[in-house]
Amino acid sequence: MSELKEIKEIEKRWLKKWEEAKLFEPKIDENKPKFFANFPYPYLNGYPHIGHTYTASRVDAFVRYKRLKGFNALFPQGWHATGSPIASAVKRLKEGEPNQIKIMKGMGFSDKEIDKFKEPKHWIEFFAPKYKKSFKELGYSIDWRREFYTTSLNPRYDKFIRWQFRKLKEKGYVIKGKFPVVWCPKCNNAVSDHSRTEGEGERPQEFVLIKMKLEDSDEYIVVATLRPETMFGQTNVWIGPDTKYVKANVDGEKWIMSLECAKKLEQQDHKIDIVSEIDGKELIGKRAKAPFVNRYIPIWPSDFCDPKKGSGIVTSVPSDAPDDYMGLKDLKESVELREKYGLKKEEIDKIEPIPIIDSDELGDLPAKKVCEEMGIKNQHERKKLEQAKKFVYKKGFYLGKMKDNCGKFSGKPVEIAKEKMKKELLKNNDAIRFYELSGKVVCRCLTPAIVKIVHDQWFIDYANEEWKKKTRECLNNLKLYPEKVRGQFEYVIEWLHEWACTREEGLGTRLPWDEKWLIESLSDSTLYMAYYTIAHILKEINPEDIDDNLFDYVFLGKNIEIKADKKKADAMREEFNYWYGVDFRNSAKDLVQNHLSFFLFNHTAIFPKDKWPQGMGVNGYLTIDGAKMSKSKGNFLLIKDLLENYPADVTRATLLSGGEEMDDPNWDTEFAESLLAKFPQWIKYIVSIYNKGREERKKIDDWMESRLYDTIKDVSDAMENTLFRTAFHNTFFQLSNHLRWYLRRCKNNPNKKIINKVIESQLIMLSPITPFFCEEAWKGIGKKGFISKTEWPEIKAAKLKKDAEWLVKNLLEDIRNVSELAKLDKIKRIRIFFAEDWKYRLFDLVEQELKETDNPKQIIQKVMQTDLKKHGKEIIKFLPKILQKRALPSFLDKETEEEAIRDAKGFLEEEFNSEIIIHQNPEKDMPKSKQAMPGKPAILLE
RNA sequence: GUGGGGGUCGCCAAGCUUGGUCAAAGGCGCAGGACUUAAGAUCCUGUCCCUAAGUGGGUUCGUGGGUUCAAAUCCCACCCCCCACACCA
């Protein structure tokens with residue numbers, strides 16, 4: 001533990017040094033290429049947790065790498081407070097809501113502290129520094145001068161967003177439209193998710209309300225359905241016998257429905273006059289005309305008609321709706337029921353479910369099949385029926401096809417037929433759209449909420465084809481990390497359409513031309529990366545002096561009158577022009593379908609091409625020891641707790657080794673523990689062997705140097721593509737293994753130059769991932785300055801012509817194997833035999849021939865035509881076997897092989913503590929020696 | 001269902017574009033040994049099965065076929081897992 005404490009001290013020291021040197025506060029430098037990276041600002045409604053850090057660690061590692069590659073790199077950070085989470089939490093605290101108080105207590109706040117959180121601003125003021133502290137401690141190379149937070153609480157950002165929205169509006173990308181919202185009739189207001197006592201997450205769901213004319217009447221009964229595609233299977237209508245319905249004039253027609261339904265319709269743009277009440281009973285036995293089936297169908301009683309749902313009247317499709325199937329079955333089987341409502345048996349028996357949809361393995365009467373399989377007894381088994389409904393719907397919707405009796409929709413997949421049939425019903429005036437809540441919602445005032453159509457909802461018109469075209473162009477020209485997400489983006493740009501961009505409640509910026517609206521959180525975070533470039537200078541300007549003209553001046557280069565100080569404005573313009581566009585924006589994959597795509601759209605809308613995004617990174621979701629992170633599982637790791645147990649570098653390395661590309665990265669506690677034990681030791685070790693060794697150059701040094709260059713090449717490639725796991729593994733594990741072998745081979749007496757180069761390179765290549773240890777070690781080996789600001793090792797081609805080291809490794813292994821098998825107590829002598837010259841010649845020849853043919857016969861014939869024929873007897877013993885594989889085992893020319901083994905002689909002697917004798921050619925009295933082959937010397941242990 | 005990503009020797013994972021040198025890198029874990037008073041670290045060794053003075057045999061890369069002298073790698077079919085399909089941030 002004391003060791004950890006020591007490490008933490010070292011970290012603190014470097015943080016201080018970096019800060020004092022303003023290491024991460026880059027200045028404009030026209031002689032250097034710039035690199036601007038960032039990731040979505042986190043929400044300030046709690047402490048930073050490990051989920052935030054994976055994405056951020058990727059950005060930091062990339063930025064640090066680019067810095068070493070000579071880029072002028074900028075990594076800024078801001079905070080998000082827009083939207084409802086903070087606002088609702090504040091509201092709930094003010095109301096003393098127990099659950100919210102529990103949450104706050106869970107975060108460790110006292111009553112007194114909780115009191116302060118009744119101010120939205122306190123959330124920002126409290127949590128932003130917490131994030132900042134954690135991010136600093138993790139060693140992120142952030143330029144903190146540019147820090148800011150969102151919402152009207154920051155007037156400068158507020159003005160920026162207003163500017164952005166006016167720009168969008170000018171270009172016609174913000175439009176007004178209708179929109180169903182959850183509404184409290186008592187408060188006369190929209191009920192946001194967090195001002196509900198019940199029904200969080202529920203939202204308006206679109207039903208089709210179908211009108212059915214009653215026989216010999218000008219009245220309609222109306223039925224609500226979510227499944228217009230099943231209308232060809234209607235057999236009858238269900239009505240609640242003991243339910244009260246109303247007759248009302250709706251848009252000039254006479255409708256019958258539940259009272260609740262009428263009230264809802266009133267809120268959904270319909271004119272309603274209630275005329276009278278009517279009992280469900282009175283309608284039983286009447287007939288109504290059903291669309292698509294196009295005939296009159298009877299109205300029968302059932303118990304599942306809920307006046308609160310839809311119209312309280314249901315059209316019955318017993319083929320595909322389990323409820324309806326059971327309802328019909330009950331009527332058929334119950335004399336009592338029929339008598340009660342005076343229904344004739346023959347008439348009911350006449351009705352059978354009509355197969356209309358082929359639902360794959362469920363057949364064409366899925367409701368029947370599923371009800372039977374689940375053993376549902378009657379229409380009162382609600383729970384089972386709900387399950388059955390869901391199951392049947394899913395199968396039918398995704399896999400189903402309309403059968404031949406469905407008119408022009410026959411043969412169509414249900415998914416498509418559904419939309420078409422809905423459209424047709426609406427077009428023919430047989431139906432209207434009707435919104436119903438997906439579940440019960442109760443407002444704070446304890447009034448049940450309804451759906452209301454609002455007319456002045458604002459949308460961002462992501463459906464605009466011209467805009468899509470520009471955005472596609474932008475996508476085509478940017479680099480993706482990894483490239484394989486491109487398809488996903490193309491798809492999203494395709495289907496993205498109007499996005500409701502305003503809300504009534506929460507924190508944020510008001511819509512400049514319609515101040516009752518707040519811009520919602522996914523819409524005020526699409527262009528702000530540009531704000532980073534000027535944030536530090538903008539802070540010096542009075543909010544009153546900030547207006548649209550200023551932003552036009554700075555961002556769009558318009559030469560117009562501005563209130564603010566011209567010098568400062570020019571400075572901002574310069575910053576923006578230098579740093580923009582974004583070279584790397586990284587986020588988890590859930591933001592592909594909204595935020596990252598919006599990001600592209602908004603940039604193409606407002607900025608010229610040279611300011612469009614240049615690169616985007618996408619990664620998976622962090623898991624903890626293989627499990628999804630969740631509070632209930634107790635694996636919800638906060639950064640502050642994490643950093644108490646692990647050094648920042650171990651945390652970073654564990655995260656970045658957890659996964660790459662689109663895989664869900666995994667925080668592996670065992671790995672972290674193992675790193676904690678090994679990593680600091682290793683760094684200490686390489687510092688201790690730095691600059692120790694000989695001047696003289698040996699063969700094995702070439703090998704080490706080549707391995708180093710290979711590693712540098714591989715790691716550079718990986719870093720360029722944000723493959724940090726690969727980079728870390730190659731640098732830390734692979735290169736360390738090479739180094740270990742090297743030291744063993746040269747009996748711990750390495751070439752000074754080489755060993756130093758290996759150690760320096762390893763430290764530099766590790767530094768983007770583990771900066772603290774590397775800084776400390778850099779100093780430890782006597783380097784001046786920061787490793788964070790040094791140069792990435794040069795990529796060079798490996799010098800070594802022929803790598804024969806594998807021969808030594810194989811030999812070592814073979815000797816060990818044999819010695820184990822031989823069960824010799826002590827090996828006095830090891831004899832090594834090389835194959836005779838002619839075998840090398842043979843191998844060369846065969847290698848040539850194999851390029852021509854793979855026919856063993858031909859090759860052997862060819863061999864026998866040469867002077868090798870005199871070894872024919874021996875050759876025929878082993879060559880066919882080798883030729884079976886159509887490839888020779890690895891071998892080098894004899895000279896190289898001998899040289900390699902001779903070079904390793906001393907090493908081998910030491911390894912086995914025995915004498916090594918190298919024979920160039922086989923000895924007559926040692927038959928074993930005949931086994932030698934090119935690339936595989938024979939061994940004799942004595 | 002559509003679109004995207006996957007399925008490799010306990011676990012994680014490389015390889016698959018460009019078929020052979022692949023029983024398949026590396027890490028983690030596990031086991032044995034050296035070192036140590038001891039633990040950790042470090043260093044060696046092993047880690048599909050069989051066989052054994054070696055470089056041999058067998059069975060493996062989701063499943064089943066196919067192409068080929070040769071398939072984890074190419075082709076076809078199928079199965080399974082994850083993500084998105086929105087106005088929730």
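Reminder, nothing fancy here: chain letters follow the sequence lines and each chain counts from 1.
- Of the candidate nucleotides B:G54, B:C85, B:A89, B:G54 has the atom nearest to the side chain of A:K936.
- Atom name C1', nucleotides B:C83 and B:G33: the rounded distance is 47 Å, in whole Å.
- A side-chain donor-acceptor contact under 3.5 Å links A:T711 to the backbone of A:R707.
- Every side chain to side chain donor-acceptor pair (under 3.5 Å) that A:E661 has, sequence neighbours left out, goes to A:K484.
- With a cut-off of 3.5 Å on both Watson-Crick or G-U wobble distances, the partner of B:G40 is given as none.
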Tabulate atom names and distances for all N/O pairs under 3.5 angstrom spanning the protein and nucleotides 6-11 of chain B.
from	atom 1	to	atom 2	distance (Å)
B:G6	OP1	A:K484	NZ	2.5

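- Here B:C87 presents its C1' atom at 16 Å from NE2 of A:H595, a figure rounded to the nearest Å.
- One can place CG of A:L596 at 13 Å from C1' of B:A84, the figure rounded to the nearest angstrom.
- Among residues two or more places apart in sequence or in another chain, the ring-ring contact (aromatic ring centres under 6.0 Å, His included) test is passed with A:Y435 by none.
- Ranking B:A89, B:U2, B:G54 by closeness to the A:A938 side chain, first place goes to B:G54.
- Sorted by first then second residue, the salt bridge (charged side-chain N to carboxylate O under 4.0 Å, His left out) pairs that include residues 78-90 of chain A, not counting sequence neighbours, number zero.
- B:G3 and B:C83 make up a base pair, with Watson-Crick or G-U wobble contacts both under 3.5 Å.
- Counting only heavy atoms from C-beta on, A:Y491 has its side chain closest to B:G3 among B:A84, B:G27, B:G3.
- Distance check on atom C1': B:C69 versus B:G19 gives 12 Å, rounded to whole Å.
- The side chain of A:Y621 has B:A84 as its nearest neighbour among B:A89, B:A84, B:C87.
- Annotation: B:C49 and B:U68 have their P atoms spaced 35 Å apart (nearest Å).
- One side chain, A:W499 or A:E520, offers a donor N or O that lies under 3.5 Å from an acceptor on the other.
- Going from atom CZ of A:F679 over to atom NZ of A:K684 covers 13.0 Å, rounded to the nearest 0.5 Å.
- B:A34 and B:U55 have their C1' atoms separated by 28 Å, given to the nearest Å.
- Residue A:R744 has no polar side-chain atom (N or O) positioned under 4.0 Å from OP1 or OP2 of B:U42.
- In this structure, a donor-acceptor pair under 3.5 Å is present between the side chains of A:Y462 and A:N602.
- On the C1' atoms, B:A14 is 15 Å away from B:A23, given to the nearest whole Å.
- Listed by chain and residue number, nothing satisfies the side chain to side chain donor-acceptor pair (under 3.5 Å) test with A:D649 (two or more places apart in sequence, or in another chain).
- Residues that satisfy the side chain to side chain donor-acceptor pair (under 3.5 Å) test with A:Y528, not counting sequence neighbours, are A:R585.
- As rounded to the nearest Å, B:C82 and B:G46 have P atoms that lie 39 Å from one another.
- Qualifying side chain to side chain donor-acceptor pair (under 3.5 Å) partners for A:D664, counting only residues two or more places apart in sequence or in other chains: A:K589.
- Computed from coordinates, the A:M662 CE to B:A84 P distance equals 11 Å when rounded to whole Å.
- Across B:G26, B:U2, B:C83, the shortest atom-to-atom separation from the side chain of A:Q488 is found for B:C83.
- The 5' end of RNA chain B is approached more closely, in terms of each residue's nearest nucleotide, by A:L811 than by the other of A:L811 and A:C501.
- For B:C61, there is no paired base (Watson-Crick or G-U wobble, both distances below 3.5 Å).
- Judged as a ring-ring contact (aromatic ring centres under 6.0 Å, His included), and not counting sequence neighbours, A:H595 has no contacts.
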Scan nucleotides 34-41 of chain B against the protein and return all N/O pairs shorter than 3.5 Å with their distances rounded to 0.1 Å.
none

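- The CD-P distance, from A:E483 to B:G4, rounds to 14 Å in whole Å.
- Dashed line: the shortest gap from a side-chain N or O of A:N594 to OP1 or OP2 of B:C88 is not under 4.0 Å.
- With sequence neighbours excluded, no residue forms a ring-ring contact (aromatic ring centres under 6.0 Å, His included) with A:F671.
- When both pairing distances are held under 3.5 Å, B:C30 makes a Watson-Crick or G-U pair with B:G46.
- In this entry the distance linking NZ of A:K589 with P of B:C85 reads 13 Å, nearest Å.
- Near RNA chain B, meaning a heavy atom under 4.0 Å from it, residues 664-674 of chain A has A:E670, A:F671, A:S674 in order of number.
- Comparing the P positions of B:G7 and B:G15 gives an interatomic distance of 10 Å, to the nearest angstrom.
- Remark: A:W183 pairs with no residue by the ring-ring contact (aromatic ring centres under 6.0 Å, His included) rule, at least two apart or across chains.
- Taking atom C1' in both B:A13 and B:G6, the straight-line distance is 13 Å, to the nearest Å.
- Between A:R725 atom CZ and B:G27 atom P the separation is 14 Å, expressed in whole Å.
- Distance check, rounded to the nearest 0.5 Å: CZ of A:R472 to CZ of A:F601 gives 8.0 Å.
- Side chain of A:R503, nearest nucleotide from B:G3, B:A84, B:C87: B:C87.
- The residue A:I939 sits close to a base: some heavy atom pair falls under 4.0 Å.
- Among B:C87, B:U2, B:G27, the nucleotide with an atom closest to any side-chain atom of A:H729 is B:G27.
- Summarising the geometry, the separation between CH2 on A:W495 and P on B:C87 is reported as 10 Å, rounded to the nearest angstrom.
- Protein atom CG of A:L735 is 13 Å distant from nucleotide atom P of B:G27, rounded to whole Å.
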